[in-house]
Asker: 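There's a structure below that I have some questions on.
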Amino acid sequence: MAKRDYYEILGVPRGASEADMKAAYRKLAMQHHPDRNPGDKDCERRFKEINEAYDCLKDPEKRAAYDRFGHAAFEPGGMGASAHGFGSDFGSAFADIFEGIFGMSGARGRSSGRERGADLRFNMEITLNEAYEGKTAQVRLPTSVTCDACSGSGAKAGTKPKACPHCHGHGRVRHTQGGFFTIERTCPACQGRGQVIEDPCPSCAGSGRVTRERTLSVNIPPGVEDGTRIRLAGEGEAGVRGGPPGDLYIFLSIAAHPLFQRDGADLHCRVPISMVTAALGGEFEVPSIDGGHTRVKVPAGTQSGRRFRLAGKGMPVLRSKQTGDMYVQVVVETPQNLTKKQRELLVEFEKLSSKDTQPESAGFFARVREFFGSGAGSG
């Protein structure tokens, strides 16, 4: 089946301008797009045909070859600029469709020269008490801000950036190699921005931004943990030539506390108690993270390592009304540098000790005797 004439497919005369062909292409492409006509094989065929025609005629070199040789220009061994009907950059044709349907303007690398600024990171260390209470911190950092002299355009006051004459504002240029395929590259004249500044702003040298030190307030909520990230939208580097700014990310680290160790929302601490308090019972006072003090009762016969839970005395849970607990672990201290009288009393105490006063010790040594006894019998 003979291929239809490309101009006939688009419904334009041979002398049609690029703008007229583009308008006709957009209208037809939207009309026959497969997403708008699901299951319609005829629309799918027409859509491919429309794209093939426009992909050829929108390129001046391909169009000239087609006007001279017709479809034979693109057949293997033909005289045209491409060995394939769709060309090497068929995907760029779809960008024109999306531009028409969704209002996107990214076809073929067009650029207004506006580039988003970079995101910034700031590391901040706070204390555990600050993490408990929350705080408003002041951050000072040097960063790029929009140039006031040119309002971020990069052009000297009273002038404006102009479309790049090399790429005509597209930001990309095409090169045909060997007469068979086309390569699209970033425009070397404007580095892909699509604009050039003939008279740059003296304050920012044409970049549209300058470096200054800024002071920002950062709200740190109660309950933040080590590694919490706070995002300040739009507080990063200013964009190039009026582009949108990046974001600033505050990464928090919690300094070690001399008394408490944190585990999520819970706090842990170790408190030494005397051997007498552990044996006879008693109480002691322990500080809490809220700045107060809490009394802990120790029952008689408390062993070293026992933990006591103080409900609600831990850290607040971030963005929640919940609060963790505080766990106090007692460590029974062995007395040192005893006086003669103390040694005599301890020796006397040891003589009077029995299985009832030291049940764990008695049970342990009973198991030892049983172990070695059974071993000797089996030998």
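Note that these values count all heavy atoms, side chains included, but never hydrogens, waters or copies made by symmetry.
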Asker: Would you call Asp55 and Lys62 a salt bridge, using N to O less than 4.0 angstrom?
Answerer: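 Lys62 and Asp55: salt-bridged.
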Asker: Do Lys297 and Glu283 meet the salt-bridge criterion of a basic N to acidic O distance under 4.0 Å?
Answerer: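 No, Glu283 and Lys297 are not salt-bridged.
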Asker: Under a 3.5 Å distance rule, please check whether Glu125 uses its side chain to pair with a backbone N or O of Asn123 as donor and acceptor.
Answerer: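 No, Glu125 side chain to Asn123 backbone: no donor-acceptor pair under 3.5 Å.
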Asker: Relative to the ring of Tyr66, is the ring of Tyr7 parallel (under 30°), tilted (30 to 60°) or perpendicular (over 60°)?
Answerer: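 Rings of Tyr7 and Tyr66: tilted, 30 to 60°.
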Asker: Can a donor-acceptor pair be found, under 3.5 Å and without considering hydrogens, that links the side chain of Ser288 to the backbone of Gly292?
Answerer: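 Yes; at least one donor-acceptor contact below 3.5 Å.
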Asker: Before accepting this row, confirm whether a basic side-chain N of the pair Arg309/Asp266 lies closer than 4.0 Å to the acidic partner's carboxylate O.
Answerer: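 Answer for the salt bridge query: no.
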Asker: Determine, for Lys313 against Asp325, whether the closest basic-nitrogen to carboxylate-oxygen distance falls under 4.0 angstrom.
Answerer: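 Salt bridge absent between Lys313 and Asp325.
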Asker: Think Arg121 forms a cation-pi with Phe251, using NZ or CZ under 6.0 Å from the six-ring centre and within 45 degrees of its axis?
Answerer: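 Checked: cation-pi criterion met.
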Asker: Going by ring-ring contact (aromatic ring centres under 6.0 Å, His included), name the residues that satisfy it together with Phe122, two or more places apart in sequence or in a different chain.
Answerer: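 ring-ring contact (aromatic ring centres under 6.0 Å, His included) list for Phe122, sorted by chain: empty.
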Asker: Is it the case that the side chain of Ser320 and the backbone of Val317 share a donor-acceptor pair, with hydrogens and angles ignored and the cut-off at 3.5 Å?
Answerer: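 No, Ser320 side chain to Val317 backbone: no donor-acceptor pair under 3.5 Å.
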Asker: Between His257 and Leu259 (side chain of the first, backbone of the second, donor and acceptor by atom type, cut-off under 3.5 Å), is there such a pair?
Answerer: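 Yes, the answer is positive, given that a donor and an acceptor are paired below the 3.5 Å cut-off.
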Asker: Tell me if the centroids of the rings in His268 and Phe260 come within less than 6.0 Å of each other.
Answerer: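 No, they do not, as the ring centres are separated by 6.0 Å or more.
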Asker: Between Arg214 and Glu235, is the closest basic N to carboxylate O distance under 4.0 Å?
Answerer: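 Answer for the salt bridge query: yes.
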Asker: Taking the side chain as C-beta and beyond, is there a heavy-atom pair between Val218 and Thr136 under 4.5 Å?
Answerer: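 When only atoms from C-beta onward are counted, Thr136 and Val218 do not touch, as no gap falls below 4.5 Å.
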Asker: Look at the side chain of Asp119 and the backbone N and O of Leu248, then say whether any donor-acceptor pair between them is shorter than 3.5 Å.
Answerer: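 Such a contact is absent between Asp119 side chain and Leu248 backbone.
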Asker: Between Glu18 and Lys58, is there a side-chain N and carboxylate O pair less than 4.0 Å apart?
Answerer: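 Looking at Lys58 together with Glu18, the answer is no, because their closest N to O distance does not fall below 4.0 Å.
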Asker: If a pair satisfies side-chain hydrogen bond (donor to acceptor under 3.5 Å, both in side chains) and one of its residues is in residues 329-339, list it, with sequence neighbours excluded.
Answerer: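 side-chain hydrogen bond (donor to acceptor under 3.5 Å, both in side chains) check on residues 329-339 returns Arg270-Gln329, Thr339-Gln342.
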Asker: Sequence neighbours left out, what passes side chain to side chain contact (heavy atoms under 4.5 Å, CB included) with Asp20? Give chain and number order.
Answerer: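 Here the qualifying residues are Ala16, Ser17.
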Asker: Just distance, no hydrogens or angles: give the donor-acceptor pairs under 3.5 Å from side chains in residues 137-145, sequence neighbours left out.
Answerer:
{"residue": "Gln138", "atom": "OE1", "partner": "Ser217", "partner atom": "OG", "Å": "3.3"}
{"residue": "Gln138", "atom": "NE2", "partner": "Ser217", "partner atom": "OG", "Å": "3.0"}
{"residue": "Arg140", "atom": "NE", "partner": "Glu213", "partner atom": "OE1", "Å": "3.3"}
{"residue": "Arg140", "atom": "NH2", "partner": "Glu213", "partner atom": "OE1", "Å": "2.4"}

Asker: Using the test side chain to side chain contact (heavy atoms under 4.5 Å, CB included), find all partners of Asp40 that sit at least two apart in sequence or belong to another chain.
Answerer: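 Asp40 satisfies side chain to side chain contact (heavy atoms under 4.5 Å, CB included) with Asn37, Asp42, Cys43 once adjacent residues are dropped.
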Asker: What pairs of donor and acceptor atoms, side-chain ones from residues 159-169 against any protein atom, are under 3.5 angstrom apart with sequence neighbours left out?
Answerer:
{"residue": "Thr159", "atom": "OG1", "partner": "Lys156", "partner atom": "N", "Å": "3.3"}
{"residue": "Thr159", "atom": "OG1", "partner": "Lys156", "partner atom": "O", "Å": "2.6"}
{"residue": "Lys162", "atom": "NZ", "partner": "Glu198", "partner atom": "OE1", "Å": "3.2"}

Asker: Give a yes or no answer on whether the side chain of Glu130 reaches the backbone of Thr127 with a donor-acceptor pair at less than 3.5 Å.
Answerer: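 Here the side-chain-to-backbone pair exists.
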